[in-house]
Amino acid sequence: MPELPEVETVRAGLERWVTGRTIAAVDVLHPRAIRRHPAGERDFVALLVGRRVEGARRRGKYLWLPLDSGDALQAHLGMSGQLLVQPAAALDETHLRVRVRFADGDPELRFVDQRTFGGLAVVAGGAALPGTIAHIARDPLDPAFDDEAFRIALRSRRTGIKRALLDQSLVSGIGNIYADESLWRARLHYARPTETLTRSEVDRLLAAVRDVLRDALAAGGTSFDSLYVAVNGESGYFARDLAVYGRRDEPCPRCGTPIRRDAFMNRSSYTCPRCQPRPRRARW
DNA sequence: CCTCATTCCTGCGGGC
DNA sequence: TGCCCGCAGGAATGAG
C-alpha cells in the first residue's frame with residue numbers, strides 16, 4: 001500500500017524519467033481511472049497532448065507533473081496503483097488503465113491499478129500546489145512542517161490519535177501501516193484521545209513517525225535504479241522491518257508479548273498489549 | 001464547522 | 001475441486 005515513502009520513491013523516478021519530455025499521445029483504457037477528471041476522456045487527452053512535462057512533485061500521497069500549459073497531471077495511487085516507465089514494446093499489464101506516449105519515443109508512462117482506487121486528472125495550477133489538493137497538509141518530513149501548529153491542531157481535535165494520524169488534512173503521508181508502526185515505536189495506543197496527549201508524547205510520536213518514514217524511504221529508495229518506476233506493497237521495507245503491522249500473535253520485538261489485532265475503522269490495528277496499553281478513556 | 005460511517009474495487013486465501 | 005465470503009484500505013462524500 002503506497003504511503004509517503006513509496007509515493008516519494010515514485011516521484012523521484014518520474015522526475016528522472018519524464019521531466020523535459022513532450023507528450024505525444026494518451027490512451028485511456030479504463031474510464032474509472034480518470035473519474036477525478038470531470039470533463040471526461042476527450043478533454044483529459046486534449047489537455048495533455050503536446051504539453052511538456054516540467055518536473056515531478058508530491059504533497060502527501062498525491063503526485064503531480066507540472067506542464068508547460070500551467071496545468072498539471074495529478075495522480076493518486078490509491079491502494080494498488082503503480083506508475084511504470086516501460087518500453088513501448090513491453091507487454092501491456094493486466095490492469096493497465098492509462099498509457100502516455102512521448103514525442104521522443106521510449107520509454108512510455110503507464111498507470112496500472114488493479115483495484116482502481118487511484119486515478120489521474122489534469123488540474124489547474126502546478127507551479128505551486130494544485131487547488132484540488134490544497135486541503136492536504138504537509139508531511140512530517142517536509143522542512144516547512146510546523147511542529148507547534150501540529151501540536152495545537154492535534155490537541156484541539158476530539159478524536160483518537162490514530163484517526164488523527166490518518167487525517168491527511170492534519171498531517172499527510174501516513175496510512176494504516178505506518179500509523180501502526182509509529183504508534184508502536186512511540187508506545188501509544190491508537191485510542192488515546194488527542195486532547196489528553198502531553199507535549200512530550202506528541203513530540204515522541206512525531207519523532208517516531210519521522211523515524212518510520214525515513215527508514216522506509218531509505219529501503220524503498222535503494223531498489224529504484226532501473227528503467228522502471230514501481231510501487232510494490234510486498235517488497236522491501238514491508239517484508240523485513242515491520243514490528244507490528246500484519247503480525248497478529250507474533251511476539252512484540254520489544255517485550256515478546258503476542259501482537260494483538262483489533263478491528264478499527266473498517267480495517268485493522270495492530271498493537272502490543274503490554275507496550276501500548278488501552279487507555280481508560282478510549283476514543284476511536 | 002466537526003466528526004464519523006459509508007462507499008468504491010478486485011484478487012487472494014480460508015473454510016466448507 | 002470449486003464456490004463463497006471476508007479482507008486488504010485511501011479518501012471523497014454526505015449524514016448528523
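In what follows, chains are A, B, ... by sequence order, proteins preceding strands, each numbered from 1.
Comparing A:Gly160 and A:Arg35, the nucleotide of DNA chain B nearest to each residue sits closer to the 5' end for A:Gly160.
Sorted by first and then second residue, the ring-ring contact (aromatic ring centres under 6.0 Å, His included) pairs involving residues 33-54 of chain A (not counting sequence neighbours) are A:His37-A:Phe44. The ring-ring contact (aromatic ring centres under 6.0 Å, His included) analysis of residues 249-273 of chain A, with sequence neighbours excluded, yields the pairs A:Tyr190-A:Phe264, A:Tyr245-A:Tyr270.
With sequence neighbours left out, A:Arg214 forms a side-chain contact (heavy atoms from CB on, under 4.5 Å) with A:Leu141, A:Arg210, A:Asp211. For A:Arg115, the side-chain contact (heavy atoms from CB on, under 4.5 Å) partners two or more places apart in sequence, or in a different chain, are A:Met79, A:Ser80, A:Phe117. Under the side-chain contact (heavy atoms from CB on, under 4.5 Å) criterion, A:Arg199 pairs with A:Glu148, A:Arg151, A:Asp203, not counting sequence neighbours. Qualifying side-chain contact (heavy atoms from CB on, under 4.5 Å) partners for A:Glu41, counting only residues two or more places apart in sequence or in other chains: A:Val28, A:Ile34, A:Val45. Partners of A:Glu15 according to the salt bridge (charged side-chain N to carboxylate O under 4.0 Å, His left out) rule, which considers only residues two or more places apart in sequence or in another chain, are A:Arg11.
Distance A:Arg115 CZ to C:dG10 P: 10 Å, rounded to the nearest Å. Distance, A:Phe264 CZ to C:dC7 C1': 17 Å, rounded to whole Å. In this structure, A:Tyr270 places its OH atom 10 Å from P of C:dC7, rounding to the nearest Å. Taking atom CG of residue A:Leu4 and atom C1' of nucleotide C:dG10, one finds them 14 Å apart after rounding to whole Å. Between A:Gln74 atom CD and C:dG10 atom C1' there is a gap of 14 Å when expressed in whole angstrom units.
Checking each of A:Val100, A:Leu14, A:Val18 against A:Leu83 for a side-chain contact (heavy atoms from CB on, under 4.5 Å) leaves exactly one that passes, namely A:Leu14.
Atom CZ of A:Arg158 is surrounded by more than 12 heavy atoms from other residues, nucleotides or ligands within 6.0 Å.
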- Go along nucleotides 11-16 of chain C 5' to 3' and tag each nucleotide: B for a protein heavy atom under 4.0 Å from its base, S when only backbone or sugar atoms are that close, - otherwise. BS----

- Test A:Arg157 against A:Glu195 for side-chain contact (heavy atoms from CB on, under 4.5 Å), laying out the working first. CA-CA 7 Å; A:Arg157 291 291 174 100; A:Glu195 73 271 22; over 6 Å; no

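Using a 3.5 Å distance cut-off with no hydrogens or angles, the side chains of A:Glu93 and A:Gln86 do pair a donor with an acceptor.
A:Trp17 and A:Val26 fall within the same hydrophobic cluster, defined by Ile, Leu, Val, Met, Phe, Trp and Tyr side-chain heavy atoms under 4.5 Å apart, directly or through other members.
Less than 4.0 Å separates DNA chain C from no heavy atom of any residue of residues 147-159 of chain A.
Using a 4.0 Å heavy-atom cutoff across all strands shown, A:Arg283 reaches no nucleic acid atom at all. Looking at heavy-atom distances under 4.0 Å, A:Asp113 makes no contact with the nucleic acid at all.
Protein chain A contacts DNA chain B from B:dT3 to B:dG11, reading 5' to 3' and using non-hydrogen atoms of the protein with a distance under 4.0 Å.
Hydrophobic cluster membership of A:Tyr62, counting Ile, Leu, Val, Met, Phe, Trp and Tyr whose side-chain heavy atoms lie under 4.5 Å apart directly or via other members: A:Trp64, A:Leu129, A:Ile133, A:Ile136.
Proximity of A:Ser268 to the phosphate of C:dC7: no side-chain N or O atom is located under 4.0 Å from OP1 or OP2.
Checked by atom type and distance alone, the side chain of A:Lys162 never pairs as donor or acceptor with a backbone atom of A:Arg192 at under 3.5 Å.
Note that the two end axes of the helix from B:dC2-C:dG16 to B:dC16-C:dG2 enclose an angle of 50°, each drawn from 5 base pairs, rounded to 10 degrees.
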